[in-house]
Amino acid sequence: MTEQFELFPAAPALAPSPAAPTLVPSPVPALAPPPPIAARFEPAASLNQPQSEAVRHVDGPLIVFAGAGSGKTRVITYRIANLVMSEGVRPWTILAVTFTNKAAGEMRARLESLLGAERTKQLWIGTFHAVCIRFLRQHHAHAGLGKSFVIYDDADQKAVMKRVLKDLGLDEKRLVPQQVLARIHREKQEARGPDAFSVDGPLDGVILRCYKEYEQRLRAANAVDFEDILLHVLRLVEDEQSAEGRELCARFEHVLVDEFQDTNLVQYRLVRALSRARRNLCVVGDDDQSIYRWRGADIRNIRGFRSDYPDARLIKLEENYRSSANIVKAALGVIRPSRERQPKELFTLNAAGAEVLIVHTATERDEAATVVDGLRRKLDEGASPRELAVFYRVHAQSRVLEEALRGEGLPYQIVGGLRFFDRAEVKDLLAYLRLVENPASDVDLLRIINVPPRKIGDVTIERLIDVAGHERISAVTAIPKLCESGTVNAGARRALTAFAELFASLTAAKETAGPRELAERILDDSGYATWLRAQDSVEGDARLDNLREFLGSLDEYEEEALSGGMTPTLTDYLARITLASDTDTLSEVARIPMMTVHAAKGLEFEAVWMTGLEEGLFPLMREDQSEDDQVEEERRLAYVAITRAKVELTMTYAATRTIYGRMRYNAPSRFLFDLPTDTQRRTATEACLDLSRSYGSPSSERPFRASTFGERAPSRSAFGNGERPVARAPGRGAPSQTSPRAAPLGVARPAPRAVGERFVERDLDGVHDSDAGVVLGSRVRHKKFGPGVVVELGGGADPTVTVKFPGWGVKQIKLSFLTPG
DNA sequence: TTGCCACAAATTTTT
DNA sequence: TTTGTGGCAA
């Protein structure tokens, strides 16, 4: 089963260390001799025609539309190998930018086997952020930054913004820090500083003030946020006056950008500038897989590339080697309704393979049990856990799935979610470390000045900030001043002095101790470890464990740095982990990966379970944006998810889903209707059938049942062939895919049953809409309020829905008071 | 100043 | 549902 779709022998498994993902190589030795020009580079595996062209086109701009599973990574790595081996391009003049650290690590691993470790080390490979950090460390002065500037992550940024709002006397209720930040980030992603901020909306004036203040505070703290990392470098390379900037732009003979559809304006301008000397810019991407618009990615970069580079060579990779024909067809069915696409058509020569399985389930628990059954079946067939994957749209869905897997004793790993480095105790320790490294960082001081509790209260802290603000000094240096000023009482003064002494001793220790030793001293001397131990609780112990793990990651980092011939420094380590994500650290351990669809980008699995295929959840809907734009991106997201699967794909949805304590009735996702009928097989679980029976037959006179789907779903309804549902007797009609085999019991299930019984092959007509004919967006009518639109679906025996009535506002109404409108 | 309690809110995706 | 926040008493 596996070989059929195997592209090429698996790349040697290079385990990136969990804490410190591989970044870009060590600085290039200026005197490195040019590599010997080897015999013309011939890739071991054969390339198809377009792939080969993309590898060998070496002069001038190039854009490659690489469909899902079309061998994109192979093209990029071979292209680089070809440049170095056949064209004699010096490795350190090649810059390859990827989207994730993981992708960079994989590319590096593959190149090592093609080029050898030495030459690979000299290449510039990394994410935009990783690469720009390196530039920025070199040219920090141009950006007005100190040498050991720190990177503020989301939480830090939020803390800064909270203070800004407070100090500007703004009401936190009216102006949410996160929203102000979101707006500012949008500005920054489009390379607009406060001076270019256009004041249009009513709140814009205030936001501009916040923006200015925020920027100023970051600068004062010698800190940058994620956008700054790129912006500072952009300013440098676009500065014609700067010799450093000109040098940077002249330095690269070839620039390659992977996942180009997900670049934002700043990133695009960056690569334009960095490649302007030779114009050897190669961008690779797929507009159908653009899923990061919400964080500034501009799909026009890829769609409009040729208007900026009219002479660019355009190559399309349209043959999919990864997935079965049925899966490719399903993916095409989902993406085809998309409005604006670059013309291209994915195809495959692979066998049809199994049909895409669609399972209708009763509840999210039932759904989870279904997934568990499927997973177990694959494992019994001999699949390795790492070849399987469970996807969901939002993290909130993961808990129920986790419980189900744990209940059945299946090993799993959540990818993404709460990052290890986001845990409170780890962040505390990090704050100490960063403060020692960079005493100007006030957010870090405020985070830990009273952690563990050392009797420095809010009042004292406020005074401290006042003093710091007045004197225009950092909060740390303000501590002695505050003590001298006599405005605080003796107790507070003692506490402050003790803290200042602690800080001084740690600063002194930094001179001699490495990062690891320093971290340990912090835990001991600050009383943090003692404090946790004294709590004597499960949580406290878990936190101690996490901190131990953190120390372990420091060990690993030090080891790695030393073996690479570099001195481990705190600055370097801190930058690494701020830019690391858990997706980078998908471990080699045999566990079933579970992740959001976003986290799945760029990965592939033998068998995939997509869950929560329901209107409102996938596609996920927010009210504040136009629906069309949202659905377009959700559609691409579904396309990405489907194309991750090589051999088997299962999609599930639940008739009722309890999320955030509220039960909701969801209609099946519109994407299910877009799947070609001849590539799919539909089933429902026993529980689901019970549910539909208890709600009466599909022909009951509940309002809306017939009309609603007609409204939303395409006329080519995949479900509506008019056949009445017929449940087969348990045990008899088990679909061929489910092996008749006893499954262990979860607590929720009453009695042992054969796995096959869960699935009853049948047509779903009527099941999905018999209970809640209303879908999100359904038009309804109320006697008093007139016509309205359903914005939320409620549950219960007498279902209640939330309806927006023009002129009346949003009301919660029992379904029985509404008629179709 | 701390720690507890009650209440409210907010729930996407991440370098 | 969980998580965070604010007020209050000790």
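Every chain is numbered from 1, with letters handed out A, B, ... down the list of sequences.
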| query | Is any side-chain N or O of A:Thr263 closer than 4.0 Å to OP1 or OP2 of B:dT15? | reply |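 A:Thr263 to B:dT15 OP1/OP2: no side-chain N or O under 4.0 Å.
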| said: Please confirm whether the shortest side-chain N or O distance from A:Lys601 to OP1 or OP2 of B:dT15 is below 4.0 Å. | reply: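 Result: no.
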Kindly write out the residues that satisfy side chain to side chain contact (heavy atoms under 4.5 Å, CB included) with [X], not counting sequence neighbours, or none if the list is empty.
{"X": "A:Trp294", "answer": "A:Tyr292, A:His598, A:Glu633"}
{"X": "A:Arg192", "answer": "A:Glu187, A:Glu190, A:Ala196"}
{"X": "A:Leu446", "answer": "A:Arg163, A:Ile461, A:Ile465"}
{"X": "A:Arg219", "answer": "A:His232"}

What is the distance, to the nearest angstrom, from the [atom1] atom on [X] to the [atom2] atom on [N]?
{"X": "A:Asn264", "N": "B:dT14", "atom1": "CG", "atom2": "P", "answer": "17 Å"}
{"X": "A:Arg393", "N": "B:dT11", "atom1": "CZ", "atom2": "P", "answer": "14 Å"}
{"X": "A:Phe99", "N": "B:dT14", "atom1": "CZ", "atom2": "P", "answer": "10 Å"}
{"X": "A:Gln178", "N": "B:dT11", "atom1": "CD", "atom2": "P", "answer": "7 Å"}
{"X": "A:Phe128", "N": "B:dT15", "atom1": "CZ", "atom2": "P", "answer": "14 Å"}
{"X": "A:Asp154", "N": "B:dT13", "atom1": "CG", "atom2": "P", "answer": "12 Å"}

For residues 494-502 of chain A, which side-chain donor-acceptor pairs fall under 3.5 Å, sequence neighbours excluded?
| from | atom 1 | to | atom 2 | distance (Å) |
| --- | --- | --- | --- | --- |
| A:Thr497 | OG1 | A:Arg493 | O | 2.6 |

Between the protein and nucleotides 1-5 of chain B, which nitrogen or oxygen pairs come in under 3.5 angstrom?
| from | atom 1 | to | atom 2 | distance (Å) |
| --- | --- | --- | --- | --- |
| B:dT1 | OP1 | A:Gly457 | N | 3.0 |
| B:dT1 | OP1 | A:Thr460 | OG1 | 2.8 |
| B:dT2 | OP1 | A:Asn450 | ND2 | 3.4 |
| B:dT2 | OP1 | A:Lys455 | N | 2.9 |
| B:dT2 | OP2 | A:Asn450 | ND2 | 2.9 |

| query | For A:Leu123 and A:Arg108, which heavy atoms make the closest approach, and how far apart are they? | reply |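 Nearest heavy atoms, A:Leu123 then A:Arg108: O-NH2, 3.7 Å.
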| query | Taking the side chain of A:Arg399 as heavy atoms from C-beta outward, which of B:dT15, C:dT2, C:dT5 is closest to it? | reply |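 The closest nucleotide is C:dT2.
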| Stacking of A:Trp294 on B:dT13 base (centres under 5.5 Å, planes under 30°) |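 Here the ring of A:Trp294 and the base of B:dT13 are stacked, with centres under 5.5 Å and planes under 30°.
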